[in-house]
Protein chains: 4
Amino acid sequence: MTHHEDTRALILQAALKSIAVNGFHGTSMSKVAQAAKISAATIYYYFEGKDELINELYKTIKANLLRAVIVEQDETLPLRAQLRQIIKNLIKYLILHPQDAAFMEQFDRSPYNQLATQAELAPAFKRLMAVIDQAKQEQIIKDLPNELLEILTMDLASSIARKHAAGLLNVTEALLDQAVDACWDAIRR
Amino acid sequence: MTHHEDTRALILQAALKSIAVNGFHGTSMSKVAQAAKISAATIYYYFEGKDELINELYKTIKANLLRAVIVEQDETLPLRAQLRQIIKNLIKYLILHPQDAAFMEQFDRSPYNQLATQAELAPAFKRLMAVIDQAKQEQIIKDLPNELLEILTMDLASSIARKHAAGLLNVTEALLDQAVDACWDAIRR
Amino acid sequence: MTHHEDTRALILQAALKSIAVNGFHGTSMSKVAQAAKISAATIYYYFEGKDELINELYKTIKANLLRAVIVEQDETLPLRAQLRQIIKNLIKYLILHPQDAAFMEQFDRSPYNQLATQAELAPAFKRLMAVIDQAKQEQIIKDLPNELLEILTMDLASSIARKHAAGLLNVTEALLDQAVDACWDAIRR
Amino acid sequence: MTHHEDTRALILQAALKSIAVNGFHGTSMSKVAQAAKISAATIYYYFEGKDELINELYKTIKANLLRAVIVEQDETLPLRAQLRQIIKNLIKYLILHPQDAAFMEQFDRSPYNQLATQAELAPAFKRLMAVIDQAKQEQIIKDLPNELLEILTMDLASSIARKHAAGLLNVTEALLDQAVDACWDAIRR
DNA sequence: TATGAATGAGAGTTCATTCAT
DNA sequence: CATGAATGAACTCTCATTCAT
């Protein structure tokens, strides 16, 4: 059982690493297998196929991200501070996990995205949404559609992490603050 | 000669259409050929291979975008108005050309991106940069690295267009203004 | 395991047969696969590609040849008799294995040859060279560069086998002796 | 007309050069055209197709060779001297024209060879054969089938030229004499 | 005489997937 | 649980050849 989980995690890890660098296209099942030091056939014991593997990977990564963003949150702080903290966590997490960022960006822009995966992320996601909805109600942030708010936070953070990983943008502590400011200015009332 | 250019354009068009929907992976040379109603071998008369085809496509699309964004600009307006106009143009163009938006987003996040394509876009790009640099000097916008400013404008616009095309965000005239406001708030002093 | 070796040998056999008749050019991987009654993809499980397949084939064939030429040799005979025996074995082997002969001739004259394959044939090759070197020292044969001696024996034998296979030269027992005589006269002191 | 002949010769020359280096397989019509600085389509004005081109090339090269071998011959010399001269000319010519040598060797061992080309070389060939037949009658050389004699002269010379061109055998003036001796010993009574 | 443009056929190769062991 | 062996389908790309101009 532990062994079982280990192997499964190993596969996901190897797939993530390869996809982040080589893309979906450049990541074959046999290369994933090689990287995980198992046989390609073994992957099919753990996953139905490449599509399922990638979708599982997405769910895992997204869940990790959401958890990390919310987990260190101080609920006693004023909403404004909480929201800035969330944005900051988001950027920091993606910079610390560039493979996750690269994977998610590719996934969101690929045909894989069209498969209905999103729903299953509910638990952690709801927590985040609650904060946002409350902030809207309290007129702390603009009354924009959630999808647009997501762009102004999540997508922005992703792009920052991508440029940082590519060496095009050096995200120092100072720049991180500037970036959070910019994000915040975009959504605040 | 005209004939020659026609075929080339036909191929680029067919490739764009397919890539926007099916991604790089799902777009084979033979499918492009079929869509363009030519033989697959013909593509190789116009392009060295898939990589060159995709890079040429990128250059074409990016050049079109930059031209469109700048072309309708009124240089007599105050910088602030000019910048807002540019951001609005950007979003509008990408919404009107969702295939271009989808292609560019994929390209930027794929290994293709690592080939040194960027340099050749200079002409139109410089015009845009001049406006931005001046705005920074006049302290109209924040003194942020250009790469971050690009994220806060170009990447944002891309994401908006993507969500709109996916039916997740309905960009009405009113929402367009809200989005421009948000962008502008993010970068303005 | 046995199964494994069988398939590999089957592929080599099919490739040899086709190359001998149709040349490298006329021998496609799919034709080899058809002849071996396997899928073309299977070849790639055993060989990296066409080049490796051909090089492996060369090594196998050359090793077989060298072994056959030396194996039946009576080391108690005088050197002169041993050498004549070797030459005779050479011609006989190539006439009995016309596909091997055809393959080797093509290989030696093709660009494949330039890849560094030769070194690996050492073991059997050294035995042969020892005999030749000794014969040179004992002044039984001319003091010519080994490469020239190879031409006067190996290449000659190849050509004889080729013409025989093509029906241009009928190598009877009598002619075989004449050919050995001619070879021997060419190299003897 | 002159122009016509020039272009034709240019094509043959380009084809020879490429085939000698890259083999039949590695020599495409378009590469030949490029090397000749003409359009690929133009080749088809001068030759029916690749096969005819290669066969014409063979005829041209073989005719040149035969002419060169015989042309400088002193018919007043004794037969023995004439024959040695012919062998020497053969080797020298092939060493001076390594592309011709490489081409002929490949041709003779390829499926192209099976097309009935040989007959057309008659004129120069007959002269050579006359000398050989007379030498056989006068019991100066062994009474071997002409095909075997060809091996012992032409094929040998080819192999020497090939190894020389490959840098495996350095044919100095001295070695040339040794090679002629060996050849001669092989065929003389 | 020469060629730009086009193509059907087929090359080598990779892939996701299967299944007996 | 794990895998060696196998494969059909599809991929990128090249080739010899054609033909209107």
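Here is the naming used below: chain letters follow the sequence lines, and residue numbers restart at 1 for every chain. All values derive from a computational prediction rather than experimental measurement.
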For the residue pair A:Phe24 and A:Tyr112, does the interplanar ring angle fall in the parallel (under 30°), tilted (30 to 60°) or perpendicular (over 60°) class?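 Aromatic pair A:Phe24/A:Tyr112 classed tilted.
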Just how far, in rounded Å, is [atom2] of [N] from [atom1] of [X]?
X       : N      : atom1 : atom2 : result
A:Lys37 : F:dA2  : NZ    : P     : 16 Å
B:Ile54 : F:dT12 : CD1   : P     : 9 Å
B:Lys31 : F:dA10 : NZ    : C1'   : 9 Å
D:Arg8  : E:dT1  : CZ    : P     : 13 Å
D:Leu53 : F:dA16 : CG    : P     : 10 Å
C:His25 : F:dC15 : NE2   : P     : 10 Å
D:Gln34 : F:dC15 : CD    : P     : 10 Å
A:Glu52 : E:dT17 : CD    : P     : 11 Å

Has C:Ser18 got a side-chain atom pairing as donor or acceptor with C:Ala14's backbone, closer than 3.5 angstrom?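 The answer is no, because no donor-acceptor pair under 3.5 Å joins these two groups.
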Could you pick out which residue, B:Ile43 or C:Lys50, lies toward the 5' side of DNA chain E when each is mapped onto its nearest nucleotide?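 It is B:Ile43 whose nearest nucleotide is closer to the 5' end.
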Mapping D:Thr42 and B:Thr42 to their closest nucleotides on DNA chain E, which lands nearer the 5' end?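 Upstream on the strand: D:Thr42.
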Scan D:Ser28 against the nucleic acid and name what it touches under 4.0 Å (heavy atoms): base, sugar-phosphate only, or nothing.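 Since only primed, P, OP1 and OP2 atoms lie under 4.0 Å of D:Ser28, the category is sugar-phosphate.
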From [options], nucleotide with atom closest to [X] side chain:
X       : options                : value
A:Tyr46 : F:dC13, F:dC1, E:dG12  : F:dC1
B:Tyr44 : E:dT17, F:dT14, F:dC15 : F:dT14
C:Thr7  : E:dT7, F:dA6, E:dA11   : F:dA6
B:Ser39 : E:dT17, E:dG8, F:dC13  : E:dG8
D:Ala41 : E:dG12, E:dT3, F:dT3   : E:dT3
C:Ile38 : F:dT17, F:dT7, F:dC13  : F:dT7
B:Met29 : E:dG12, F:dT12, E:dT3  : F:dT12

Any-strand Watson-Crick or G-U partner of E:dT21, both distances under 3.5 Å: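 Per the H-bond distance test, F:dA2.
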For F:dC13, what is the paired nucleotide under Watson-Crick or G-U wobble rules, both distances under 3.5 Å?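 Its partner is E:dG10 (Watson-Crick or G-U wobble, both distances under 3.5 Å).
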Would you sort out whether D:Ile61 and D:Leu12 count as a side chain to side chain contact (heavy atoms under 4.5 Å, CB included), showing the intermediate values? CA-CA 10 Å; D:Ile61 287 173; D:Leu12 287 170; over 6 Å; no
Counting only heavy atoms not in A:Glu52 (residues, nucleotides, ligands), do more than 12 fall under 6.0 Å from its CD?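 Above 12, so yes.
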Between B:Phe24 and D:Ser30, which residue's closest nucleotide on DNA chain F lies nearer the 5′ terminus?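 Going by which nucleotide is closer to the 5' end, it is B:Phe24.
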Over all atoms of both residues, closest heavy-atom pair of D:Phe103 and D:Leu16: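 The answer is CB-CD1, 3.6 Å.
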Give a yes-or-no answer on whether the side chains of A:Tyr58 and A:Asp108 include a donor-acceptor pair shorter than 3.5 Å.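 Indeed, the side chains of A:Tyr58 and A:Asp108 share at least one donor-acceptor pair under 3.5 Å.
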Taking only side-chain nitrogens and oxygens of D:Tyr45, does any of them come within less than 4.0 Å of OP1 or OP2 of E:dT1?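 For E:dT1, OP1 or OP2 has a side-chain N or O of D:Tyr45 closer than 4.0 Å.
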